[in-house]
Asks: 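Pasting a structure here, questions to come.
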Amino acid sequence: MSVPNNVQKVQDQPTPIPVFPKHTPPKSKPVAYGNVQGSVFVKVVGSGITASIPSKVQSWVRQLGNWDPKVRAKAVEALGKSRSKYAAIPLVMLLTDPNKDVSQKAWKALSALSAIPAVKQYVKSKIHEIRDGLNSWDDRTRKSHVYALGIFQDTHSLPKIRRVLRKDKKWHVSGAAAWALAKMKDAKAVGLLLKEMYRVPKTFDADDFNSSAQHNLISVVDALKRLGQNAHVKAFIRKCKKDIFDSNWKKRARAAWVLYTLNVKSASPALLKQLKVEKKPDVAKKIVYAIDVAKYKPAIPVLLKILKSPMPGKGDYNADDKGIVIYQAAQALGAMNVRKAIPIFEKIVKQRVRAKGRSDYQVEWSYNRLTGAVNALGALKVKAAIPDMLARYKKDTSSSGTFLEEAFIYALSKMGDSRHIKPLIDIMSGYNSFKLRNQAARALAAILKRGKVSTKDRKKAEAALALHEKVQMHMWRIAQSKRAALELRRKMLKLAK
């Protein structure tokens, strides 16, 4: 079974999931395992059932709560191969694991288990517990349980899943509902899905990219196609192609958003035509992004022209958004491997961002432009630009925020060598955000993987990575404690009512 488009991508640390207690209860007593955090879940064996769970299965299920995604991935694979009926329900929460490798393996394992009659019968006896997950306060729990109901083809839950599609305020949860309805071939859901397809682009600010809404729209469109509604999807896309020339800038922005979300390559000529005359930065940045996604090479001359745009005036309150347009253009040129843009990028990186005598909007414009140039140089692997980039990193990142720092780390991950091990270790050991430290760790690992690193530098880098893993483990435990405290408080408030 293929994994739906709206399964979460890799994040820095996973959400705690239910695990077995540390000590196995005596075999003579009924075995009942619940969620130690008291939030998401699903017992493995219900109360009053005395069947003994194999010790190996218990061990693997405990490992599903490990902070290390590699350990979780191995446990998921082992549970899938075990063919045990007790392996199915613990895998439900792993369907939305923040680590892509873990979630994909969970999908594969649970799909294989769902075809085993004994497993299907066991899950059927526990299906009410999965249905109850649709009412959870935790959006990841709701999403995982919607997927599980779709995998196990629980047609009795269709009214509840339709309600999730209509009512749930989290885009990725309603997107999961769209997938489940299509999986169970629910003809009654077609009208809801059509309404959702037209509703999604209208329900957020036109200047917002909104990746969660993207996942929702992709899921809804895929669901309609699987239910045989291709004609309606094509009509929707035709409308968006027409709206790209509308006099209302919000309609143009939303049309561009839909076209790049669905990667409609046939719309690229129309998008380029509008880009040449577009005056609204909020629309232009979405059009450039759509061109980037489609890798539309006839747009290269226009993108180069955007890259050379002069700094806006001091009173221009759209200056920072114009900088984002340049940032998107630089990203697109880097992704399309446009080598003729390298001198422009190098020139931008050499210029120091000056705040004196400039408005905050102008300074933001400069930082956005610089961030795009650094990202593009990393994508193009221009090693000669590294010294200038490091100079900018030391002087400009303190006031630019993590956006620019992430670009530098990305560039070093693509083309850094042993000389850049120390700057990355400094980021990992500083007071930076956890996300930034994780990115630096991944860049450091990429440098070691490329080789050509002295023994001394390698030992230093490996020691830093080992310490970073320990930090991750402690952060994981802190997250578990906070989640447990939040759930207990919710229970107390419920009792108070």
Side-chain angles (χ1 to χ4, degrees), residues 201 204-214 244 249-261 271-272 274-296 299-300 302-336 338 341 344-345 347-349 351 353-355 358-380 389 392 396-397 399-411 435:
F204 63 93
D205 292 334
D207 63 345
D208 187 11
F209 278 92
N210 205 319
S211 59
S212 295
Q214 281 183 268
I244 203 67
W249 75 269
K250 289 188 176 183
K251 279 191 176 182
R252 298 199 303 275
R254 287 166 180 159
W257 179 85
V258 169
L259 294 171
Y260 80 66
T261 295
L271 289 165
L272 178 57
Q274 181 59 30
L275 180 62
K276 290 176 181 178
V277 297
E278 185 58 61
K279 302 297 182 186
K280 197 77 175 175
D282 291 326
V283 182
K285 65 187 180 186
K286 287 181 170 60
I287 293 176
V288 172
Y289 190 77
I291 287 169
D292 179 15
V293 171
K295 300 291 182 289
Y296 188 57
I300 289 173
V302 178
L303 296 177
L304 288 170
K305 186 179 178 181
I306 291 171
L307 204 60
K308 297 174 183 177
S309 301
M311 179 182 285
K314 203 170 182 178
D316 191 341
Y317 297 110
N318 288 319
D320 55 340
D321 284 328
K322 289 178 179 178
I324 293 175
V325 177
I326 296 174
Y327 166 82
Q328 295 289 0
Q331 290 271 82
L333 291 166
M336 287 190 274
V338 182
I344 306 172
F345 295 139
K347 185 179 178 181
I348 292 171
V349 170
Q351 295 171 351
V353 176
R354 300 184 184 278
R358 291 177 179 171
S359 69
D360 291 341
Y361 298 103
Q362 287 177 313
V363 173
E364 283 298 317
W365 176 89
S366 299
Y367 279 130
N368 287 333
R369 190 177 73 138
L370 176 58
T371 303
V374 171
N375 259 322
L377 288 169
L380 294 166
M389 285 196 294
R392 292 283 69 74
D396 291 327
T397 52
S399 56
S400 66
T402 58
F403 196 40
L404 181 55
E405 287 182 290
E406 288 175 12
F408 283 115
I409 293 170
Y410 168 77
K435 179 182 177 184

Asks: Would you give the length of the straight line joining atom CD1 of I300 to atom CG of L307, rounded to the nearest 0.5 angstrom?
Replies: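 Separation between the atoms: 12.0 Å.
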Asks: Within a 6.0 Å radius of atom NZ on K308, are there more than 12 heavy atoms belonging to other residues, nucleotides or ligands?
Replies: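 Check fails, neighbour count at 12 or below.
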Asks: Side chains of L380 and F345: does their closest heavy-atom pair fall under 4.5 Å?
Replies: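 The answer is yes; the side chains approach within 4.5 Å.
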Asks: Are side-chain heavy atoms of N375 and Y410 found at a separation under 4.5 Å?
Replies: yes
Asks: Atom CH2 of W257 and atom NZ of K286: how far apart are they, to the nearest 0.5 Å?
Replies: 9.5 Å
Asks: Working to the nearest 0.5 angstrom, can you tell me the gap between R252 CZ and K280 NZ?
Replies: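 Rounded to the nearest 0.5 Å, the CZ-NZ separation comes to 8.5 Å.
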Asks: I need the minimum non-hydrogen distance between P281 and V325, along with the two atoms involved.
Replies: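 Smallest interatomic distance, heavy atoms only, reads O-CG2, 3.6 Å.
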Asks: So, D292 side chain and V288 main chain: donor-acceptor pair closer than 3.5 Å or not?
Replies: no
Asks: Please check: side-chain N/O of N368 versus main-chain N/O of I326, any donor-acceptor pairing under 3.5 Å?
Replies: no
Asks: Report the distance from atom CD1 of I409 to atom NZ of K435, rounding to the nearest 0.5 Å.
Replies: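 Rounded to the nearest 0.5 Å, the CD1-NZ separation comes out at 10.5 Å.
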Asks: Identify the two heavy atoms, one from K285 and one from D321, that lie closest to each other, and give their separation to 0.1 Å.
Replies: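 The pair with the smallest heavy-atom distance is NZ-OD1, 3.8 Å.
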Asks: To check you understand the geometry: which heavy-atom pair defines the closest contact between A256 and A290, and what is its length?
Replies: O-CB, 4.4 Å
Asks: With distance as the sole test, does Q362 use its side chain to make a donor-acceptor pair with the main-chain N or O of P312 at under 3.5 Å?
Replies: yes
Asks: Indicate yes or no: at least one non-hydrogen side-chain atom of V258 is less than 4.5 angstrom from one of T261.
Replies: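 V258 does not reach T261 side chain to side chain.
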Asks: Would you say the side chain of Q214 lies within less than 4.5 Å of the side chain of Y260, judging by non-hydrogen atoms?
Replies: yes
Asks: Should D316 and Y361 be marked as a side chain to side chain contact (heavy atoms under 4.5 Å, CB included) after you check the CA-CA gap, both sets of side-chain angles, and the distance that decides it?
Replies: CA-CA 7 Å; D316 191 341; Y361 298 103; over 6 Å; no
Asks: How long is the straight-line distance from CG of D282 back to CZ of R254, given to the nearest 0.5 Å?
Replies: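 Between R254 CZ and D282 CG, I get 11.5 Å after rounding to 0.5 Å.
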Asks: Might you point out which heavy atoms bring I244 and A255 nearest each other, and give the distance in Å?
Replies: N-CB, 3.9 Å
Asks: Side chains of I306 and L275: closer than 4.5 Å at any heavy-atom pair?
Replies: yes
Asks: Any chance you could measure K305, atom NZ, to K276, atom NZ, to the nearest 0.5 Å?
Replies: 9.5 Å
